[in-house]
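Input: a single structure, listed below in structure tokens.
So you know, we letter chains A, B, ... as the sequences are listed, proteins then strands, and number each from 1. Computed from a predicted model, the values in this text were never measured in an experiment.
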2 protein chains.
Amino acid sequence: MSTDEAVALLREAGLRVTPQRVAVLKALAAESHPTAEGILARILPEYPGTGLATVYNTLAALARRGRVLAIASPEGRRYDLRTEAHQHVRCRRCGRVEDLPEWPGAAWVHTVLPAGWSAEGWQVMVEGLCDTCRSVAS
Amino acid sequence: MSTDEAVALLREAGLRVTPQRVAVLKALAAESHPTAEGILARILPEYPGTGLATVYNTLAALARRGRVLAIASPEGRRYDLRTEAHQHVRCRRCGRVEDLPEWPGAAWVHTVLPAGWSAEGWQVMVEGLCDTCRSVAS
DNA sequence: ATACGTGCAAATACTTTGCACGTCA
DNA sequence: TGACGTGCAAAGTATTTGCACGTAT
């Protein structure tokens, strides 16, 4: 993601543009589903002194506005620049997360909700082992 | 779940039978997808003094043997007596989780994995608002 | 100018672990 | 009896919050 794109995204979201926020967005685009720590690690070389709290604050602000998706997993949260892909595979050994192509079950969702519930979205999480972890010991 | 069923489940899993573990299993059966705290709260009246660590230990032991499923969500983990249902709805306001009937497209999973990955399971999490939260303010 | 964002540190969960004692098999 | 489980407390992690200072608009 270019700086200009990051700036535009922040403005559209109604957030002030700061170098740290631009850096968070670039880190989100550069790495697939990073953790907050992973994002910070990517930012520090360019902006030493950036605080982890700022990363969390930025992610929370973006998530509240629907620009970023928080993915809960047993190894902690990971973040995703929200695209239309809400289906992921997670490696049970290393926690890595990757996208999957679109899930064909969207119509099914609306036919099976318990009475009185409404659906606003969904996530599919496939669990398995990634290429790297499979090639290492078992 | 009856005491006898709980005892049988523990024996099958190769775990020692203790009153606390039986109580954890009964709590899991009595409440839909409780949190560790919720399980403890349900146990305390009958077994005052039970420790939260014991609940976590029991859940971890059962999860390791595949008798219980840990469900990660932004509001923390919830636990489920493992049945074959791995599709859930979660209320975005109160965090409640309920089961959905089986999604008929399991075959899809195996056709979309990234190269080199293997799949061991999957979960579908639909997000929305539950009946109670919908009827309260917006 | 002023509201919002930042960095630090402290606070808050939530979950795991160490240890001495008790108990199931 | 001996290994495993329990309860308590302490230790980890992960995330959020308070506050004084800085900066984007």
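- Between B/Arg11 and C/dA25 there is a side-chain polar atom (N or O) within less than 4.0 angstrom of OP1 or OP2.
- Side-chain N/O atoms of B/Arg21 include one lying less than 4.0 angstrom from OP1 or OP2 on D/dT6.
- Comment: A/Arg90 does not engage A/Glu98 in a salt bridge, judged by the lack of any side-chain N to carboxylate O separation of less than 4.0 angstrom.
- Within the 4.0 Å cut-off from OP1 or OP2 of C/dG5, not a single side-chain nitrogen or oxygen of A/Thr54 is found.
- One end of the helix from C/dA1-D/dT25 to C/dA25-D/dT1 points its axis 40° away from the other end's axis, with each axis taken from 5 pairs and the angle rounded to 10°.
- If you run side chain to side chain contact (heavy atoms under 4.5 Å, CB included) between B/Arg67 and each of B/Leu81, B/Leu9, B/Leu59, only B/Leu9 comes through.
- In this structure, B/Arg96 pairs ionically with B/Asp131, as a charged nitrogen and a carboxylate oxygen lie closer than 4.0 Å.
- For the pair B/Leu10 CG and D/dG5 P, the interatomic distance rounds to 10 Å; values are reported in whole Å.
- Put simply, B/Val89 and A/Ile71 are part of two different groups of oily side chains (I, L, V, M, F, W, Y) that touch within less than 4.5 Å, one to the next.
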Problem set entry | Trace of the side chain to side chain contact (heavy atoms under 4.5 Å, CB included) decision for B/Met125 with B/Gln87 | CA-CA 6 Å; B/Met125 180 64 76; B/Gln87 38 282 314; over 6 Å; no

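- At a threshold of 4.5 Å between non-hydrogen side-chain atoms, the residues B/Leu100 and A/Trp108 count as touching.
- B/Trp103 and B/Trp122 have perpendicular rings, their planes meeting at more than 60° on a 0 to 90° scale where under 30° would count as parallel.
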Problem set entry | A/Arg21 vs A/Leu15, side chain to side chain contact (heavy atoms under 4.5 Å, CB included): CA-CA, chis, key distance, verdict | CA-CA 9 Å; A/Arg21 286 180 171 179; A/Leu15 294 170; 3.6 Å; yes

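- Between A/Arg82 and A/Val68 the shortest side-chain heavy-atom distance does not fall below 4.5 Å.
- Taking atom CG on B/Leu40 and atom P on C/dA13, their separation rounds to 17 Å, with Å as the unit.
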For this session: Sugar-phosphate means primed atoms, P, OP1 and OP2; the rest is base. With that split, encode nucleotides 14-19 of chain D 5' to 3' as B, S or - using protein heavy atoms under 4.0 Å.
Result: SSBB--

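- Here CD1 of A/Ile39 is found 7.5 Å from OH of A/Tyr79. Values are rounded to the nearest 0.5 Å.
- Residues from residues 13-20 of chain A placing a heavy atom under 4.0 Å of any atom in DNA chain D, listed by number, are A/Arg16, A/Val17.
- The separation between B/Ile39 atom CD1 and D/dT6 atom P is 14 Å, rounded to whole Å.
- Between the CG atom of B/Leu59 and the P atom of D/dG5 there is a distance of 14 Å, given to the nearest Å.
- One hydrophobic cluster, built from ILVMFWY side chains closer than 4.5 Å, holds both B/Leu25 and B/Ile43.
- One can place CG of B/Leu25 at 15 Å from C1' of D/dG5, the figure rounded to the nearest angstrom.
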